[in-house]
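Worksheet: one structure, shown below.
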Amino acid sequence: MADLELYEYQEEVVQRALRGENVIIWLPTGGGKTRAAVYVAKKHLENNPGAKVVVLVNKVHLVDQHYNKEFNPYLGRDYSLVSISGDCDQKDFFGCEVKNSDLVICTAQILENALTNQEEGKHVELSQFTLLIIDECHHTHKEGVYNKIMGRYVAQKLKGERRLPQILGLTASPGTGGAKSIKGAVEHVLQICANLDSVIVSSKVYAPELKKKVPRPRKRFDIVDRRPQDPFGDHLKFMMQLIHDFMALGPDFPVRDFGTQEYEADVVILEKKGVTDRNRLLAQCALHLRQYNDALLINDTVRMVDAFRVLESYYSTKSSTAMDGTDFFLLGLYQENEVELRKLSGDARFENPKMGKLQKTLLEQFDQGGHSRGILFSKTRKSTHCLYDWVSNNPALQRAGIRAAILTGAGNGINYMTQNEQKDTIHNFRRGSLNLLISTSVAEEGLDIPECNLVVRYGLLTNEIAQQQASGRARASDSVYSVVAQAGGREVRRELLNECLEDLTGRAIDEVQRMERREFQMKITDLQTEALLTRQLTEQLKIKKRSRFSAATVQLSCRGCFVPVAFGNDIKVIENAHHVNINPGFERYYKTGGQPALKTFEDWEPGRVISCAACGKQWGMEMVYKKIALLPILAIENFAMETPEGRKLAKKWKNVEFEVEEFNFTTYCHNKFPNMCD
């Protein structure tokens with residue numbers, strides 16, 4: 001087993017934790033927070049017979065990383081360790097695994113599920129643990145899963161419960177919570193401390209050693225001028241104006257600039273208004289305008305051809321689902337302009353100048369030979385795929401030996417990665433068979449990767465926490481942190497603001513640390529009491545809202561064509577997660593498509609994608625439950641609800657205003673197969 005030694009600045013920040021206090025360790029990315037946590041866990045297990053430690057992470061790939069690279073090498077010989085995430089079978093017997101282990105590493109959602117699941121072998125209580133380590137603990141706020149867990153902890157503490165675990169939080173930056181004043185930033189840091197019931201500690205005496213150990217990369221702004229002409233973008237805007245003329249909105253709906261996030265917000269509101277007002281023309285035009293706006297944003301970020309392909313893909317299925325004059329106008333507009341758009345998107349004279357600057361930035365590092373490694377951060381999954389296609393087909397970048405791969409969040413859909421794909425990509429980057437990750441924010445936090453000599457932030461507007469996390473990925477000596485942006489663009493302004501906010505965070509933490517102990521504890525208790533009352537009131541309001549209407553009085557209509565297809569009492573919920581329609585007559589309203597890329601679960605397996613038979617609007621997917629029941633899972637965001645008080649929309653099932661009953665498998669089988677059940 002490896003020897004566990006700490007730098008002096010790490011020893012400094014763990015002292016209060018070793019005395020059993022609840023502590024947040026604040027160290028920069030690359031400062032060895034996890035190693036410090038391993039040390040605390042080791043001493044805790046040594047000094048407390050029967051101790052039990054749980055390590056919580058907020059991303060699946062961090063479970064294996066912490067187990068393989070940190071905790072198992074130092075604790076695996078003397079203690080029983082287990083790593084559990086959503087893609088392993090141990091999660092189904094979490095309570096048993098906890099009982100048989102000294103230290104458990106898992107995603108926070110796994111623990112949250114076990115705290116709420118009362119089934120024997122799956123349930124756990126917080127009191128079973130003696131030390132709770134929370135990685136990236138600045139996420140312990142609002143409705144996040146960390147805060148749900150800590151909300152239970154705080155509630156039990158305020159009731160006088162003494163059998164609660166010690167807390168150890170780890171963060172590179174708690175941020176300012178959006179505050180731009182020292183008063184607001186201090187309040188935010190105090191709230192994080194209250195949520196974690198902890199003090200916040202950092203290196204003071206050995207700060208020079210820390211600064212030497214974790215050098216900051218050389219930051220530079222790689223600025224490009226605006227493209228002097230953009231005929232492709234101009235043509236898209238011309239088409240968007242024709243759609244606006246077709247809608248005839250009038251002066252009550254002022255239009256903000258096409259190709260901006262603000263305009264996207266406008267058309268989202270327009271679509272909702274169209275649906276709630278039963279104005280299909282308005283709703284459909286808004287949906288198409290959002291696609292054109294996406295194309296403009298992509299045109300501003302990557303290549304013109306990428307923007308064109310987005311529209312081409314969107315309209316490729318529209319001809320088979322057109323159902324009225326609005327559909328035929330929108331489809332016809334695209335078809336009439338498709339040839340011109342294709343031609344303009346291929347004209348290299350008007351290509352996005354950011355691409356040339358990005359190529360130069362990459363070549364400066366990778367063209368020198370040696371062992372360069374970098375991460376290219378971009379905002380969306382779609383843009384990472386566009387950038388990967390560009391890198392893979394760029395002769396100069398290929399000659400420089402760039403071996404790129406995409407790293408995005410796990411999920412379902414064409415632009416998502418599976419958890420195994422994530423693991424393989426990270427593994428290949430660590431071993432050197434890949435040397436450039438093109439990533440969304442998934443690689444910003446916690447990911448322990450080889451020292452990079454280049455980090456590029458491309459077309460990103462994020463907060464100070466994300467900026468610090470991304471910057472911390474560049475750990476090699478003389479590394480470069482590049483911001484590729486347009487002259488006068490918002491990216492540069494945001495980066496400069498984030499630098500100020502980073503400094504403000506440090507000042508706020510320093511002020512909190514200098515507070516008298518009694519004053520600090522009083523503020524923490526007040527904040528905890530207030531948060532508990534707020535949670536209780538919010539839960540009461542949710543319960544009241546869920547019973548506002550009888551399920552039988554709520555009718556669900558397709559959000560795309562407004563055709564009524566179901567009633568609220570047709571919907572049942574399985575495992576408090578999957579909302580299915582059990583009415584056998586519902587199948588005539590939908591058609592089936594391809595198979596989603598999902599694994600088989602304990603009691604169910606995924607079926608085909610389902611969409612509206614009338615307009616093609618995607619509704620969800622089928623599930624095969626207990627190998628017998630073929631049931632359609634519905635996403636409520638794809639429907640409008642006709643209620644006694646008018647038409648309403650909901651983004652999540654938890655927001656609907658009627659009670660959804662639990663699915664009863666026995667009753668379903670009796671109704672579906674009456675002869676077999678007699």
Side-chain angles (χ1 to χ4, degrees), residues 22-29 31 33 56-59 108 134-155 167-202 261 265 377 379 441-442 444-446 457 460-472 490-491 493-515 519-535 537-538:
N22 288 358
V23 167
I24 299 168
I25 292 177
W26 175 48
L27 285 175
T29 300
K33 295 180 292 297
L56 301 183
V57 299
N58 64 329
K59 291 188 173 75
I134 302 180
D135 191 33
E136 309 294 351
C137 69
H138 50 272
H139 291 296
T140 312
H141 65 105
K142 297 182 180 177
E143 295 298 310
V145 64
Y146 280 166
N147 213 25
K148 289 180 181 178
I149 294 168
M150 285 306 302
R152 283 191 183 82
Y153 180 103
V154 169
I167 303 297
L168 177 62
L170 311 174
T171 184
S173 174
T176 68
K180 294 182 174 64
S181 66
I182 186 66
K183 181 175 180 291
V186 167
E187 288 175 355
H188 173 71
V189 173
L190 282 170
Q191 186 65 65
I192 294 292
C193 290
N195 293 346
L196 287 154
D197 195 42
S198 300
V199 299
I200 185 166
V201 300
S202 57
Q261 298 291 347
F377 286 105
K379 181 180 179 182
S441 59
V442 71
E444 285 175 346
E445 287 189 344
R457 284 170 64 79
L460 282 176
L461 285 168
T462 55
N463 63 20
E464 72 280 8
I465 297 175
Q467 179 177 312
Q468 286 174 258
Q469 297 278 8
S471 173
R490 292 187 299 171
E491 297 98 332
R493 294 196 298 273
R494 183 69 219 198
E495 285 283 329
L496 295 174
L497 172 62
N498 285 341
E499 290 177 6
C500 297
L501 293 175
E502 183 180 346
D503 176 68
L504 184 61
T505 300
R507 287 162 47 208
I509 292 171
D510 186 59
E511 190 164 316
V512 168
Q513 290 172 334
R514 286 189 283 104
M515 291 175 68
E519 179 192 6
F520 175 81
Q521 288 299 337
M522 284 179 61
K523 285 186 179 293
I524 292 304
T525 302
D526 287 345
L527 287 169
Q528 290 176 337
T529 304
E530 182 182 321
L532 177 61
L533 291 172
T534 300
R535 273 194 295 272
L537 179 59
T538 301

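Start at 1 with the first residue, then count along the sequence.
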Donor-acceptor contact present, side-chain [X] to main-chain [Y], <3.5 Å:
X: W26; Y: L170; result: no
X: Y146; Y: E136; result: no
X: Q191; Y: L527; result: no
X: H188; Y: P174; result: yes

Testing the basics here: between [X] and [Y], what is the closest heavy-atom pair and its distance to 0.1 Å?
X: C193; Y: I524; result: CB-CD1, 3.8 Å
X: S198; Y: L196; result: OG-O, 2.7 Å
X: L501; Y: T176; result: O-CG2, 3.6 Å
X: A172; Y: T29; result: CB-OG1, 3.5 Å
X: A185; Y: L504; result: CB-CG, 3.9 Å
X: C137; Y: T171; result: SG-CB, 3.9 Å

Taking atom [atom1] of [X] and atom [atom2] of [Y], what is their separation to the nearest 0.5 Å?
X: D197; Y: T140; atom1: CG; atom2: OG1; answer: 12.0 Å
X: E530; Y: R535; atom1: CD; atom2: CZ; answer: 11.0 Å
X: M150; Y: H141; atom1: CE; atom2: NE2; answer: 14.0 Å
X: H139; Y: L56; atom1: NE2; atom2: CG; answer: 13.0 Å
X: K379; Y: E491; atom1: NZ; atom2: CD; answer: 10.0 Å

Is it true that, when you exclude E519 itself, more than 12 heavy atoms of the residues, nucleotides or ligands shown sit nearer than 6.0 Å to its CD?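 Atom CD in E519 is crowded, with more than 12 foreign heavy atoms closer than 6.0 Å.
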Please determine whether side-chain contact (heavy atoms from CB on, under 4.5 Å) holds for the pair R457 and R494, giving the CA-CA distance in whole Å, both sets of side-chain angles, and the decisive distance to 0.1 Å. CA-CA 12 Å; R457 284 170 64 79; R494 183 69 219 198; over 6 Å; no
I would like to know whether R490 and R493 meet side-chain contact (heavy atoms from CB on, under 4.5 Å); could you show each step before the answer? CA-CA 5 Å; R490 292 187 299 171; R493 294 196 298 273; 2.8 Å; yes
Applying side-chain contact (heavy atoms from CB on, under 4.5 Å), run through L168 and I25 and close with a yes or a no. CA-CA 7 Å; L168 177 62; I25 292 177; 3.8 Å; yes
Between the side chains of R507 and E511, is the shortest nitrogen-to-carboxylate-oxygen separation below 4.0 Å, so that they form an ion pair?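 Between R507 and E511 there is no salt bridge, as every charged N stays at least 4.0 Å from the carboxylate O atoms.
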Are the side chains of V512 and L190 in touch, meaning some heavy atoms are under 4.5 Å apart?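 Yes, side chains in contact.
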Side chain to side chain contact (heavy atoms under 4.5 Å, CB included), paired with T534, selected from L537, T538, L532: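 Output: one option passes, namely T538.
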Let me see the working for I200 and Q513 under side-chain contact (heavy atoms from CB on, under 4.5 Å), right down to the final yes or no. CA-CA 7 Å; I200 185 166; Q513 290 172 334; 4.2 Å; yes
